[in-house]
Amino acid sequence: MPMKFLIELGVFPENEKVFAETLTDMQIDHAFWDGQSNPPYDKKDNKVFFIGSIITALKIKQVGYAYQVWLGKEFDYSYFGSHLKDLLNSPFYLITHAQALVAANQIVGADRNIQDFVRSDSGYKKFQGDLYSVDMYLMESERKAIPKEEVMVFAEKRNIAQEYRLVVKCKYDEISDLWEYDIVTYAQYAGEDKPLTSLDVTGIISDLSTSTFHPYPLFILDVCISEEKIKIVEANSINTSGYYACDFRRIVDAVINCVRSEEIL
């Protein structure tokens with residue numbers, strides 16, 4: 001059965017035209033979906049690769065669709081944070097939202113304007129990672145109706161010069177008994193234009209190869225240059241991330257090749 005792609009409308013609108021052109025050019029069956037009605041492909045079809053919001057991806061998994069949705073605890077901040085080297089936001093601290101509310105009420109004066117990095121620990125990102133002052137955090141957490149038991153990540157602000165989104169492929173090699181990593185494609189999405197050097201790429205792959213993080217055959221890794229060193233920002237599901245200026249054809253080829261392998265069918 002040939003591979004198909006299901007793309008949720010309105011989640012990554014800047015990518016929709018590129019996807020349509022790429023998949024049409026590659027003669028690959030694809031559909032755009034509103035995320036609300038019944039999906040256009042059979043529930044038992046495990047050759048459907050979904051791209052869209054984390055919420056919809058989670059629903060697809062919960063109701064038992066066989067679609068390829070590579071999303072799980074591996075993208076919790078505390079999970080990849082304990083497996084990957086050179087994390088930008090290190091050290092980071094985990095407290096519940098209830099504890100954060102108590103701490104926020106004790107901060108007074110100019111300290112309330114200091115911005116720290118905050119996000120949900122969960123890879124489902126109920127609270128999106130960014131820099132927040134005390135009052136910004138209180139407003140956003142109320143707007144998002146964050147449950148008091150939600151575990152939150154806090155870290156000090158770091159200076160970032162450039163940021164990049166990498167599509168990473170990992171595969172277990174039975175002969176060497178090691179995990180092999182490859183950067184399928186990448187794009188810079190913030191900062192002054194400065195492509196990664198071959199030495200940068202080699203270093204990232206080398207660090208991944210000595211890590212214990214190998215969540216799915218394909219995943220997203222965000223890295224940055226901070227204080228002239230490459231740091232890892234976070235890891236994300238390839239199903240629920242925008243691809244910016246990455247090579248879409250390479251991503252589609254990588255997905256198809258991975259789904260063909262027995263390990264994830």
Side-chain angles (χ1 to χ4, degrees), residues 3-8 11-30 32 47-54 57 68-71 74-75 80 84 86 88 123 160-173 179-209 211 213-225 230-261 263-264:
M3 194 69 200
K4 296 176 281 291
F5 282 72
L6 178 60
I7 302 161
E8 184 178 5
V11 181
F12 306 112
E14 68 280 2
N15 289 169
E16 290 172 9
K17 184 175 184 290
V18 183
F19 259 124
E21 292 174 348
T22 301
L23 294 168
T24 299
D25 185 56
M26 296 177 72
Q27 298 183 332
I28 294 173
D29 186 8
H30 60 280
F32 288 94
K47 294 293 184 69
V48 177
F49 188 80
F50 170 77
I51 298 167
S53 72
I54 295 174
Q68 298 292 338
V69 178
W70 306 333
L71 176 69
E74 293 84 357
F75 301 116
F80 65 72
L84 293 170
D86 296 325
L88 174 70
I160 296 174
Q162 288 89 21
E163 292 187 65
Y164 307 85
R165 173 145 293 181
L166 283 59
V167 178
V168 181
K169 180 179 180 180
C170 62
K171 181 180 180 182
Y172 177 69
D173 182 68
W179 285 86
E180 298 179 345
Y181 294 82
D182 181 45
I183 296 175
V184 176
T185 177
Y186 83 89
Q188 182 177 347
Y189 64 89
E192 182 182 351
D193 187 35
K194 183 181 179 182
L196 292 171
T197 66
S198 58
L199 189 61
D200 293 333
V201 173
T202 300
I204 294 168
I205 292 175
S206 176
D207 285 346
L208 286 171
S209 298
S211 77
F213 188 69
H214 31 76
Y216 295 92
L218 289 169
F219 63 94
I220 296 292
L221 189 71
D222 288 341
V223 304
C224 71
I225 296 179
I230 290 185
K231 297 287 186 177
I232 291 175
V233 178
E234 63 180 11
N236 292 293
S237 166
I238 192 172
N239 298 89
T240 60
S241 301
Y243 300 151
Y244 298 105
C246 286
D247 189 324
F248 281 57
R249 181 178 286 267
R250 288 191 176 187
I251 295 172
V252 171
D253 279 337
V255 167
I256 292 172
N257 290 332
C258 286
V259 175
R260 281 176 180 164
S261 66
E263 60 201 62
I264 60 168

Decide yes or no on ring pair (Phe, Tyr, Trp, His ring centres under 6.0 Å) for F50 and W70, but give the supporting numbers first. CA-CA 9 Å; F50 170 77; W70 306 333; over 10 Å; no
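- Residue E192 qualifies as open at atom CD: its count of foreign heavy atoms under 6.0 Å is 12 or below.
- Not a single side-chain hydrogen bond (donor to acceptor under 3.5 Å, both in side chains) links D86 to another residue, sequence neighbours left out.
- Shortest non-hydrogen contact noted between V48 and M3 is C-CE, 3.9 Å.
- Residue I251 comes nearest to V184 through the heavy atom pair N-CG1, 4.3 Å, listed as atom of the first residue, atom of the second, then distance.
- Between Y181 and H214 there is a side-chain heavy-atom pair separated by less than 4.5 Å.
- Annotation: side chain of L166 is in contact with side chain of I204 (closest heavy-atom distance under 4.5 Å).
- The two residues P195 and Q188 make their nearest non-hydrogen contact at N-OE1, 4.1 Å.
- Note that CH2 of W179 is 8.5 Å distant from OH of Y172, once rounded to the nearest 0.5 Å.
- If you take CG on N236 and CG on L221, they are separated by 9.0 Å, rounding to the nearest 0.5 Å.
- Residues M26 and V252 are in side-chain contact: their nearest non-hydrogen atoms beyond the backbone lie under 4.5 Å apart.
- Proximity of a side-chain donor or acceptor of S209 to a complementary backbone N or O of I205 within less than 3.5 Å is detected.
- Take K4 and apply the salt bridge (charged side-chain N to carboxylate O under 4.0 Å, His left out) test, not counting sequence neighbours, and it matches D45.
- Checked by atom type and distance alone, the side chain of E21 never pairs as donor or acceptor with a backbone atom of L23 at under 3.5 Å.
- To the nearest 0.5 Å, the span separating CD1 on I256 from NZ on K47 amounts to 10.0 Å.
- Taking D247 as the reference, nothing meets the side-chain hydrogen bond (donor to acceptor under 3.5 Å, both in side chains) condition, with sequence neighbours excluded.
- In this view, F248 and F19, Y243 satisfy the ring pair (Phe, Tyr, Trp, His ring centres under 6.0 Å) rule, not counting sequence neighbours.
- Side-chain contact between L218 and V255 is present, with heavy atoms from C-beta onward closer than 4.5 Å.
- Taken from CD1 in I7 to CG in N15, the straight-line distance is 9.0 Å, to the nearest 0.5 Å.
- Under the rule for a ring pair (Phe, Tyr, Trp, His ring centres under 6.0 Å), the partners of F219 that lie at least two apart in sequence or sit in another chain are F213.
- The two residues G123 and I54 come nearest to each other via the heavy atoms O-CD1, 3.6 Å.
- When all heavy atoms of C258 and P217 are compared, the pair lying nearest together is SG-CB, 3.6 Å.
- Judged as a salt bridge (charged side-chain N to carboxylate O under 4.0 Å, His left out), and not counting sequence neighbours, the contacts of D25 are R249.
- Put simply, the side chain of Y164 never gets that close to the backbone of A190: no donor and acceptor are under 3.5 Å apart.
- Under the side-chain hydrogen bond (donor to acceptor under 3.5 Å, both in side chains) criterion, Y216 pairs with E74, sequence neighbours left out.
- By the side-chain hydrogen bond (donor to acceptor under 3.5 Å, both in side chains) test, Y189 is found to be paired with E163, residues two or more places apart in sequence or in another chain being considered.
- Judged as a salt bridge (charged side-chain N to carboxylate O under 4.0 Å, His left out), and not counting sequence neighbours, the contacts of D222 are R165.
- Annotation: the span from Y244 atom OH to I220 atom CD1 amounts to 10.0 Å, rounded to 0.5 Å.
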I would like to know whether V167 and I238 meet side-chain contact (heavy atoms from CB on, under 4.5 Å); could you show each step before the answer? CA-CA 8 Å; V167 178; I238 192 172; 3.8 Å; yes
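- Of all non-hydrogen atoms in F12 and G52, the two that sit nearest each other are CE1-O, 3.7 Å.
- In terms of modelled atom types and a separation under 3.5 Å, the side chain of S206 and the main chain of G203 share no donor-acceptor contact.
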Determine, step by step, whether E8 and I51 satisfy the side-chain contact (heavy atoms from CB on, under 4.5 Å) criterion, reporting the C-alpha distance in whole Å, the side-chain angles of both residues, the deciding distance to 0.1 Å, and the verdict. CA-CA 6 Å; E8 184 178 5; I51 298 167; over 6 Å; no
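- Checked against ring pair (Phe, Tyr, Trp, His ring centres under 6.0 Å), H30 has no partners two or more places apart in sequence or in another chain.
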Take L88 and I160 through the test side-chain contact (heavy atoms from CB on, under 4.5 Å) and record every step on the way to the result. CA-CA 9 Å; L88 174 70; I160 296 174; 3.5 Å; yes
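- For S237, the side-chain contact (heavy atoms from CB on, under 4.5 Å) test picks out L71, F75, N239, T240, with sequence neighbours left out.
- The closest donor-acceptor contact from the side chain of D253 to the backbone of R250 lies at 3.5 Å or more, if one exists at all.
- Residues meeting the salt bridge (charged side-chain N to carboxylate O under 4.0 Å, His left out) test with E180, sequence neighbours left out: none.
- Atom CG of D207 is separated from atom CG of L84 by 9.0 Å, given to the nearest 0.5 angstrom.
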